[in-house]
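Structure first, then comments.
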Amino acid sequence: MARSRRIAALAAAGLSLGLGARSALERPAPEQRRPRWAAALAPLAGAPLPTAAPVALLRPAGVPAATAGPLLLEAAWQRPDLRWDWFEAWREPIRPMFLVAVDAAPAPAGWTESWRREGIRVLRRGPP
Amino acid sequence: MSEALAIVAALLCGAAITARRGAPGSGASAVVAVVAAGTLATAVWLGLLQLAGLRWSRALVLAPAAASAVILLVAALRPPRGAGRAALPRSERRWAAAAGTAALAAAVPVALTPAFGWDFRYIWGLKARVFAAAGAHDAAWLAWPGHAFAHPDYPPLWPDLVASGAVLGADPARCAALWQAVLVLALAAACWQIARGAPGAVRALAAAAGAWTPVLAAPLDSGYAEALLAFLAAAALAALLRWRGGEAGAMAGFVVAAAALALAKNEGLALAAGFVFAAVLVARGRSRIVPALALLPAAAWQVFLLAGGIRGEGIVLSPAFLAARTAAAPAALAHACRDPLVLGELLAWALALLALRGARLGPIPWVAATWATAVVVVYLAGPADMPWRMANSLDRVLGAPLPAAIALALGACSWRGADAGVGPAAAERGAAGPARPA
């Protein structure tokens, strides 16, 4: 009994060591090291958006909703000082004053471009 | 530089708190006590600043470290009280050095790789950046519906540790990596402590297995909270074993480790609740209140969530939903087990439990039971797709408490040449039962 318990304990430790060594040798996929939208959204760091402002993110044309999630996550990582959500997710009574677009698609009606850098546009609600 | 400064500041606080409690028994005990107290002190201090309405700043983050440095300096100038730290026998020192080398081999690559894992970037590290930018746990950001992906309800210890570095100007990814390396080393020390009744070679194996536990050093989980969770679970177990073995002074260390554990992750909260329940079962009379104090910081976080309207994902208790989930669980588990890591961890757990068969563990099985119940409830009743969730988290769920379980198993066996320790093996070997503190 005591011997079998010792063998089991040693085997558990050995197995854990082996699994640990194996998992330490795993190589992450390139997109894990550098997320897909990281480069595209990097200019957001310089966008003139006031701290704590609610900001709507416009889903780029050609990117389906099912796969667009990482874009919102990356926007939050680039500007953690803002309140993010998708443009289509806003509900009254909150009305975001800023909209961020990452492609050149036409702006929705009622929004005017106020800043642009390397494909990133900031739009403000209202006429120019 | 700022990354290291944040960690040194936390460890100085931990050292000062530990020094106030008197010299710990060994080098491993000191490492465990200092790191556990340092992590908890950081979160508690940041929480107190927020409660006082003070925005986190460089000066305020560093203030406790400065005070701690003074306390440590004064303590160093005073003549030592009592017998001081017990030196290890020469043979033990050799094995301790071997364990340290194995732990360093695991920790150094972790320290050198800035954290980049998905959950770090979009959950833990993101919240650290948010908190650092706001100078507080930003309730408005956490309650924002668009930020539900970041699990706003998760306890704040890991983001707080990284945020304190970010407030000092550190890169969050580098700060997380350095912290994780420290935690891997501390985890090895905690496992060495848990296997206390075993000979040096076995304790060294426990420490090495702890440091090399799957998922802690895995690049795919870079920057995740599991290293913190694994360390604090092992630290709480080590303290509980010492306390059960008659070291009344170990209760303070237990409360600190369990309190930090409850702030580490939702699984940590379940583990901490189990540890507190186990300690309350062992304690007598009015001293039962002491272990329960460990849940106070987590209770404060829950009040903060409630007051801020910050919601987690909740659970679904509809009988039809639960029945469908239960029926689907075996297939989801089988799917998750296609990952060799999950399969290996399940096997390691089975072997550890086999080794613990017949050991006099007192109330410790309650800890495992509480944790396992919480895990099953979340998988079955959580609204997220169960096969997806299991496939993406089961390796980490099983991996985090595994080092403590293996060290406990190694310490619970009878080994030739073992010292009379305070672990389950020692209780089994000679005592009429677990010693109870006065």
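The basis for the numbers below is simple: all heavy atoms, side chains too, and nothing from hydrogens, waters or symmetry mates. Here is how names work: the chains are called A, B, and so on, in the same order as the sequence lines, proteins then strands, and each is numbered from 1.
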Residue part contacting chain A, namely of [X], when any heavy atom lies under 4.5 Å:
X: B:L402; answer: side chain
X: B:A208; answer: both
X: B:P340; answer: both
X: B:L351; answer: both
X: B:L347; answer: both
X: B:W118; answer: side chain

Point to revise | Verdict with supporting geometry, B:F116 and A:R34, side-chain contact (heavy atoms from CB on, under 4.5 Å) | key: CA-CA 8 Å; B:F116 62 86; A:R34 190 71 182 156; over 6 Å; no
Contact origin within [X] toward chain B - heavy atom pairs under 4.5 Å:
X: A:S4; answer: side chain
X: A:L15; answer: side chain
X: A:L10; answer: both
X: A:W90; answer: side chain
X: A:A76; answer: both
X: A:R3; answer: neither

Check your understanding: Given side chains that start at C-beta, do those of B:P214 and A:S16 come closer than 4.5 Å, heavy atoms only?
Key ->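 They are in contact (side-chain heavy atoms under 4.5 Å apart), so the answer is yes.
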With rounding to the nearest 0.5 Å, note down the distance linking [atom1] in [X] to [atom2] in [Y].
X: A:L19; Y: B:T213; atom1: CG; atom2: OG1; result: 9.5 Å
X: B:L126; Y: A:E74; atom1: CG; atom2: CD; result: 9.5 Å
X: A:S23; Y: B:D395; atom1: OG; atom2: CG; result: 9.0 Å
X: B:F149; Y: A:L72; atom1: CZ; atom2: CG; result: 5.5 Å

Is there a donor-acceptor pair closer than 3.5 Å between any side-chain N or O of [X] and the backbone N or O of [Y]?
X: B:R357; Y: A:R5; result: no
X: B:R129; Y: A:W77; result: yes
X: B:H147; Y: A:W84; result: yes

Exercise for review: Test A:E26 against B:D221 for side-chain contact (heavy atoms from CB on, under 4.5 Å), laying out the working first.
Suggested key: CA-CA 10 Å; A:E26 281 175 14; B:D221 300 330; over 6 Å; no
Point to revise | Neighbour count above 12 (heavy atom, 6.0 Å) for A:W111 CH2 | key: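 Yes - once you tally the heavy atoms of other residues, nucleotides and ligands closer than 6.0 Å, there are more than 12.
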